[in-house]
Undergrad: 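Pasting in a structure now, in structure tokens, and then I'll have a few things to ask.
Just so it is clear, the values below take in all heavy atoms, side chains as well, and ignore hydrogens, waters and symmetry mates. Numbers here simply count residues along the sequence, with the first being 1.
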Amino acid sequence: MVDEIYVNTIKEFGLYDEIWQAFAVFLPIKSVGVQGDQRTHSHVVGLRAVTSSDGMTADWYPFLPKFLRTVSARICNQVRSVNRVVYDITSKPPSTIEWE
């Protein structure tokens, strides 16, 4: 569901054709947060979006703050088990595009 929200928001903002790959990563850690009037101990999701011409190198996509604010709020509001969203701004190299 997180990946669907992410990709649909990319499309809604008209960015789909500017990005080579985009996906969400469910991280094996939990974070303390507040949702409604309750303290939560929920999951963290990482978002990754890159541009590339050859797949051998890639740069992270420079989303505007409005996009990041919108997609983060949607994910946290619609996915009950997530209370934190992070965005990966690491290029390839040194990282790979995938998370393993």
Side-chain angles (χ1 to χ4, degrees):
M1 182 166 182
V2 171
D3 197 67
E4 180 180 0
I5 294 168
Y6 183 36
V7 172
N8 285 342
T9 306
I10 288 171
K11 289 177 181 177
E12 178 186 325
F13 274 71
L15 303 172
Y16 190 79
D17 292 333
E18 296 180 29
I19 297 169
W20 190 61
Q21 284 187 22
F23 55 89
V25 179
F26 188 78
L27 301 176
I29 58 173
K30 288 194 171 183
S31 172
V32 175
V34 176
Q35 290 176 303
D37 294 333
Q38 303 251 333
R39 189 172 195 74
T40 61
H41 191 243
S42 299
H43 296 282
V44 179
V45 171
L47 303 179
R48 181 95 161 121
V50 297
T51 59
S52 180
S53 59
D54 59 8
M56 296 303 293
T57 61
D59 289 315
W60 55 277
Y61 186 81
F63 287 117
L64 294 176
K66 181 179 180 181
F67 172 86
L68 293 171
R69 187 177 307 112
T70 300
V71 76
S72 174
R74 286 179 181 173
I75 291 168
C76 289
N77 289 333
Q78 294 178 36
V79 183
R80 193 174 184 104
S81 62
V82 174
N83 71 358
R84 187 174 306 262
V85 177
V86 298
Y87 184 55
D88 182 349
I89 60 167
T90 312
S91 294
K92 175 187 179 183
S95 71
T96 60
I97 296 169
E98 308 82 11
W99 281 53
E100 294 182 35

Undergrad: In Å and rounded to the nearest 0.5 Å, what is the CE to CZ distance from Met1 to Phe26?
TA: 13.5 Å
Undergrad: Would you call Asp59 and Ser52 a side-chain contact if the rule is heavy atoms closer than 4.5 Å?
TA: no
Undergrad: Rounded to the nearest 0.5 Å, how far apart are NZ of Lys92 and CE of Met56?
TA: 6.0 Å
Undergrad: Given the rule that I, L, V, M, F, W and Y join up when any side-chain heavy atoms are under 4.5 Å apart, are Trp60 and Tyr16 in one cluster?
TA: yes
Undergrad: If you look at every heavy atom in Gly33 and Asn83, which pair is closest and at what distance?
TA: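 Smallest heavy-atom distance, with atoms named: N-ND2, 3.2 Å.
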Undergrad: Taking everything shown except Glu98 itself, do over 12 heavy atoms lie less than 6.0 Å from its CD?
TA: yes
Undergrad: For residues 72-82, please give each side-chain donor-acceptor pair under 3.5 Å, one per line with the distance, not counting sequence neighbours.
TA:
| unit_1 | atom_1 | unit_2 | atom_2 | d |
| --- | --- | --- | --- | --- |
| Arg74 | NH1 | Thr9 | OG1 | 3.1 |
| Arg74 | NH1 | Glu12 | OE1 | 2.8 |
| Arg74 | NH2 | Glu12 | OE1 | 3.1 |
| Arg74 | NH2 | Glu12 | OE2 | 3.1 |
| Asn77 | ND2 | Ala73 | O | 3.1 |

Undergrad: So do Ile19 and Phe63 actually touch side chain to side chain, heavy atoms under 4.5 Å?
TA: yes
Undergrad: Are the side chains of Tyr6 and Val45 in touch, meaning some heavy atoms are under 4.5 Å apart?
TA: no
Undergrad: If you define the side chain from C-beta out and look only at heavy atoms, does anything of Arg39 sit under 4.5 Å from Val32?
TA: yes
Undergrad: Drop me the distance from Asn8's CG to Asp3's CG, to the nearest 0.5 angstrom.
TA: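 Here the rounded value is 9.5 Å.
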Undergrad: Indicate the atoms forming the closest heavy-atom contact of Val50 with Ala58, along with that distance.
TA: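 Here Val50 and Ala58 meet closest at CB-CB, 4.0 Å.
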Undergrad: Tell me, please, which residues at least two apart from Asp88 pass salt bridge (charged side-chain N to carboxylate O under 4.0 Å, His left out).
TA: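 Partners of Asp88 under the salt bridge (charged side-chain N to carboxylate O under 4.0 Å, His left out) test: Arg48.
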Undergrad: Val86, Ile89: one ILVMFWY side-chain cluster at the under-4.5 Å cut-off?
TA: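 As far as the 4.5 Å side-chain criterion goes, Ile89 and Val86 are not connected within one cluster.
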Undergrad: Using side-chain contact (heavy atoms from CB on, under 4.5 Å) as the criterion, point out the one residue from Tyr61, Tyr87, Phe23 that pairs with Leu47.
TA: Tyr87
Undergrad: Do Leu15 and Trp20 land in one hydrophobic cluster if side-chain heavy atoms of ILVMFWY residues count as linked below 4.5 Å?
TA: no
Undergrad: CD1 of Ile5 to OG1 of Thr70: how many Å apart, nearest 0.5 Å?
TA: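 Atom-to-atom, Ile5:CD1 and Thr70:OG1 are 12.5 Å apart.
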Undergrad: For the hydrophobic clusters of this structure (ILVMFWY residues joined by side-chain heavy atoms under 4.5 Å, transitively), does one cluster hold both Val2 and Phe67?
TA: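 Yes, because Val2 and Phe67 connect within a single hydrophobic cluster, where side-chain heavy atoms sit under 4.5 Å apart.
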